[in-house]
**Student:** 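There's a structure below that I have some questions on.
Being a predicted model, the structure only gives us computed values, none of them experimental.
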Amino acid sequence: MRLPRPVALLASALVCVLSSPEADARAPGPRFSALSGVAAIDPPAATTTDDGLAATPLEAELLGFALRVPNGTAVRIERNPTTSYLLSEGTDTPSWRVRIAALTASRAGTSPNSQCEDYLAELRRKDQKFDILSDEPRRIAGRDAHQIYLGVPLDGGGRGVMGLLVVPSGPDSYLVSSILIVDGAYASARALLDRSFATMSVRDTMQARLENSDLLVRGAEIVARISPEALRATIDPLPRSYRMWRPIENGEKKDFGYMVVRVREGMQGEVDASKDPKSLKGEEATSGLLAMIDARIVINDDPTHTLDAQSRYFMPWDRASESWSIRSTERHKRASRSSAQTGIRFAPTAGAPRPKLQVISSSRDEKTREPQEWVVPPVYLSQVELIVLGELLPREPTADSIEFRDYAFDQRDQKLPQRRESWSRTPNGWRLETQQGAAPVRIVQEFDARGKRVRRTDIDGSVTELIELEDLRKLWKSKGLPVD
């Protein structure tokens with residue numbers, strides 16, 4: 001694999017906006033995924049510090065590094081075809097951008113310095129014009145790294161600055177930061193980025209693979225403990241109500257949604273709310289765990305613009321399959337539009353021993369799309385298990401903190417990411433931190449001593465919080481919000 005693209009392309013990128021397919025692919029309009037996942041990519045919390053860097057590091061799990069980025073940094077993730085972290089100054093016209101990606105050298109016995117020398121030699125062979133502004137060794141994460149900065153001509157005239165920071169992550173393996181800076185901001189932007197790179201920590205690639213394998217094994221052990229008895233123990237005759245709010249100025253809470261969760265024994269056919277349970281026969285009469293969620297979200301702080309969602313999730317007691325349906329209706333004054341999502345995980349058979357998950361999304365405004373399909377990985381959690389997950393995880397007196405990995409379908413982004421979980425005891429119960437895929441910030445959930453979800457904080461700062469149903473009704477009526 002070669003180092004980043006030729007100078008001509010890098011220079012032209014100085015006047016272009018980097019985009020992320022992961023972000024651009026999201027459909028416009030409101031998105032809702034109940035309690036089972038989020039996929040927004042937000043930068044770390046930007047607590048002000050004297051050095052101009054965010055106090056909380058960006059955790060780049062897929063590439064095995066952490067970094068305190070400059071305050072206000074916009075973070076994007078690109079997978080085309082390999083994973084890259086794209087950082088840029090959080091302004092309308094950024095003066096700097098950084099792309100961080102993994103690199104495997106094309107030969108053995110390389111070093112950061114030799115990689116930079118080879119790149120400069122390649123540019124000279126191609127008769128690329130550039131001035132070397134800096135070519136020097138760096139010490140990053142306790143490792144010998146190398147950094148170069150080049151002045152490059154822009155197609156429209158003037159000069160831009162391109163930089164490379166090459167940090168070893170293993171034998172002939174590197175993290176490469178490709179840097180683009182507007183010429184007039186070179187001195188200040190370089191000083192800021194130098195401070196940021198100095199905070200980088202890097203995991204050895206072989207160590208990261210071993211750790212990932214160990215965490216998956218631990219996850220497999222936890223999932224294997226989910227028995228029919230454990231699932232039955234999550235049944236609750238009483239509904240659980242949740243208030244959804246986001247913090248605003250002066251510490252106030254801005255309510256924007258609510259949900260009511262019911263968990264009971266049910267039948268597979270009850271995923272379709274239009275069917276009479278008494279008429280279900282055969283496979284549709286298979287019994288198992290059924291979770292139902294009724295939710296409402298107010299869009300754009302407009303009480304006349306709402307999204308109502310009815311979701312049903314089912315899994316038989318043997319965990320071999322699952323199904324779900326989500327029916328949502330968006331209403332704005334007299335106008336309305338509806339959409340739906342249906343998910344089916346087929347049980348393994350002799351002819352198809354690897355189970356598959358199939359998801360179909362549709363709306364009234366467009367034809368039903370072709371089903372999306374995934375081979376289900378091991379250490380998989382169903383949608384209904386995510387809703388009662390705190391009740392299924394170990395809560396023995398001897399259990400204090402557990403790190404593990406698992407997989408679960410993300411309804412919002414319609415992906416099946418690997419997740420890193422951290423389960424720990426708190427004074428009032430339990431806490432679960434989930435890093436979903438390559439998201440730089442974790443979802444944080446809090447549970448009582450029985451494992452019942454009490455509070456969830458998403459990566460955008462919004463909060464889902466347990467509340468008594470009557471208190472919820474009174475709260476929404478007092479704020480002039482529509483509540484059933």
Side-chain angles (χ1 to χ4, degrees), residues 33-38 215 218-244 258-266 288-293 295 311-315 317 319 322 324 379-411 417-436 439 441-459 462-469:
S33 62
L35 291 172
S36 54
V38 301
L215 293 176
R218 198 172 302 159
E221 293 171 351
I222 291 173
V223 170
R225 294 177 54 179
I226 302 178
S227 63
E229 293 74 24
L231 293 172
R232 289 181 184 276
T234 68
I235 293 174
D236 193 339
L238 300 177
R240 306 173 205 169
S241 304
Y242 292 88
R243 171 192 182 187
M244 303 166 70
Y258 66 83
M259 63 178 67
V260 180
V261 182
R262 297 173 176 85
V263 180
R264 63 172 174 84
E265 182 171 0
L289 191 65
L290 178 68
M292 300 177 290
I293 299 177
S311 310
R312 294 191 171 206
Y313 307 90
F314 173 84
M315 185 182 67
W317 300 120
R319 304 186 67 246
E322 71 177 305
W324 74 80
V379 201
Y380 172 84
L381 292 171
S382 69
Q383 297 294 287
V384 69
E385 287 170 316
L386 293 182
I387 295 171
V388 295
L389 186 54
E391 299 169 71
L392 299 174
L393 294 177
R395 301 191 311 280
E396 293 88 351
T398 56
D400 287 323
S401 180
I402 304 173
E403 296 274 345
F404 63 97
R405 286 186 180 273
D406 56 35
Y407 289 86
F409 180 69
D410 175 2
Q411 294 173 7
Q418 186 182 105
R419 301 150 28 116
R420 180 167 183 150
E421 313 272 23
S422 177
W423 176 247
S424 58
R425 186 186 298 275
T426 68
N428 299 317
W430 299 88
R431 177 187 179 96
L432 181 66
E433 297 184 13
T434 302
Q435 183 175 31
Q436 187 161 273
V441 182
R442 295 187 174 193
I443 303 164
V444 178
Q445 300 183 78
E446 297 172 25
F447 304 84
D448 65 16
R450 300 172 299 164
K452 306 282 187 184
R453 181 187 282 105
V454 175
R455 181 184 174 100
R456 166 184 170 133
T457 304
D458 285 316
I459 58 179
S462 61
V463 176
T464 303
E465 195 169 49
L466 189 66
I467 186 174
E468 292 293 333
L469 184 57

**Student:** Just how far is it from atom OG of S227 to atom CH2 of W317, taken to the nearest 0.5 Å?
**Tutor:** 10.5 Å

**Student:** Please determine whether side chain to side chain contact (heavy atoms under 4.5 Å, CB included) holds for the pair L290 and V384, giving the CA-CA distance in whole Å, both sets of side-chain angles, and the decisive distance to 0.1 Å.
**Tutor:** CA-CA 7 Å; L290 178 68; V384 69; over 6 Å; no

**Student:** I need the D458 CG to M244 CE distance, nearest 0.5 Å.
**Tutor:**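 These two atoms lie 8.0 Å from each other.
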
**Student:** Do L432 and L389 have side-chain heavy atoms sitting under 4.5 Å apart?
**Tutor:**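 Sidechains of L389 and L432: in contact.
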
**Student:** Hey, is the main chain of S422 close enough, under 3.5 Å, to the side chain of R431 for a donor-acceptor pair?
**Tutor:**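 Not at all, since once roles are kept as given, no pair shorter than 3.5 Å links the two residues.
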
**Student:** Under 4.5 Å between any side-chain heavy atoms of V260 and I293, yes or no?
**Tutor:** no

**Student:** Please tell me whether Q418 and Y407 have a donor and an acceptor in their side chains that are separated by less than 3.5 angstrom.
**Tutor:** yes

**Student:** Hey, what do you get for CZ (R225) to CG (L393), rounding to the nearest 0.5 Å?
**Tutor:**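 These two atoms lie 9.0 Å from each other.
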
**Student:** Is the shortest side-chain N to carboxylate O distance from R453 to E446 below 4.0 Å?
**Tutor:**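 Result for this pair is no, no salt bridge flagged.
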
**Student:** Count the heavy atoms belonging to other residues, nucleotides or ligands that lie under 6.0 Å from CD of E468, then report whether that count exceeds 12.
**Tutor:** no

**Student:** Are R319 and I226 close enough that some pair of their side-chain heavy atoms sits under 4.5 Å apart?
**Tutor:**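 R319 vs I226: side chains touch.
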
**Student:** Tell me, with the steps shown, if D406 and Y380 meet side chain to side chain contact (heavy atoms under 4.5 Å, CB included).
**Tutor:** CA-CA 6 Å; D406 56 35; Y380 172 84; over 6 Å; no

**Student:** Might you work through the side chain to side chain contact (heavy atoms under 4.5 Å, CB included) test for R420 and E403, ending with a clear yes or no?
**Tutor:** CA-CA 7 Å; R420 180 167 183 150; E403 296 274 345; 3.5 Å; yes

**Student:** Less than 6.0 angstrom from the centroid, inside 45 degrees of the normal: does R312 satisfy that with respect to the ring of W324?
**Tutor:** no

**Student:** Salt-bridge test for E421 and R405: reply yes if a basic N is under 4.0 Å from a carboxylate O, no otherwise.
**Tutor:** no

**Student:** Return the OG1 to CD distance between T434 and Q445, rounded to the nearest 0.5 Å.
**Tutor:** 5.5 Å

**Student:** Mind listing the closest non-hydrogen atom pair of P417 and A408 along with its distance?
**Tutor:**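 The pair with the smallest heavy-atom distance is CD-O, 3.2 Å.
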
**Student:** With a 4.5 Å limit on heavy-atom distance, are the side chains of L381 and V223 in contact?
**Tutor:** yes

**Student:** Output all residues satisfying salt bridge (charged side-chain N to carboxylate O under 4.0 Å, His left out) with E391, sequence neighbours left out; order by chain, then residue number.
**Tutor:** R240, K452

**Student:** Show the nearest heavy-atom pair for residues T234 and A230, with the distance to one decimal.
**Tutor:**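 Closest heavy-atom pair between T234 and A230: CG2-O, 3.5 Å.
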
**Student:** What closest approach, in Å, do G390 and R395 show between heavy atoms, and which atom pair accounts for it?
**Tutor:**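 In this case the closest contact between G390 and R395 is O-NH1, 3.5 Å.
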
**Student:** Which heavy atom of F404 sits nearest a heavy atom of I402, and at what distance?
**Tutor:**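 So the minimum-distance heavy-atom pair works out to CD2-CG2, 4.0 Å.
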
**Student:** Look at R456 together with E433 and state whether they make a salt bridge at an N to O cut-off of under 4.0 Å.
**Tutor:** no

**Student:** Give the C-alpha distance, both sets of side-chain angles, the deciding distance and a yes or no for side chain to side chain contact (heavy atoms under 4.5 Å, CB included) between M315 and L231.
**Tutor:** CA-CA 10 Å; M315 185 182 67; L231 293 172; 3.6 Å; yes

**Student:** Which atom pair, heavy atoms only, marks the closest approach of P394 to I222?
**Tutor:** CD-CG2, 4.3 Å

**Student:** For A220 and V379, which heavy atoms make the closest approach, and how far apart are they?
**Tutor:** N-CG1, 3.6 Å

**Student:** So, applying side chain to side chain contact (heavy atoms under 4.5 Å, CB included) with Y313, which one of E322, M292, Q383 is it?
**Tutor:**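 Result for side chain to side chain contact (heavy atoms under 4.5 Å, CB included) with Y313: Q383.
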
**Student:** Less than 4.5 Å apart, side chain to side chain, heavy atoms only: is that true for R455 and Y242?
**Tutor:**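 Sidechains of Y242 and R455: no contact.
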
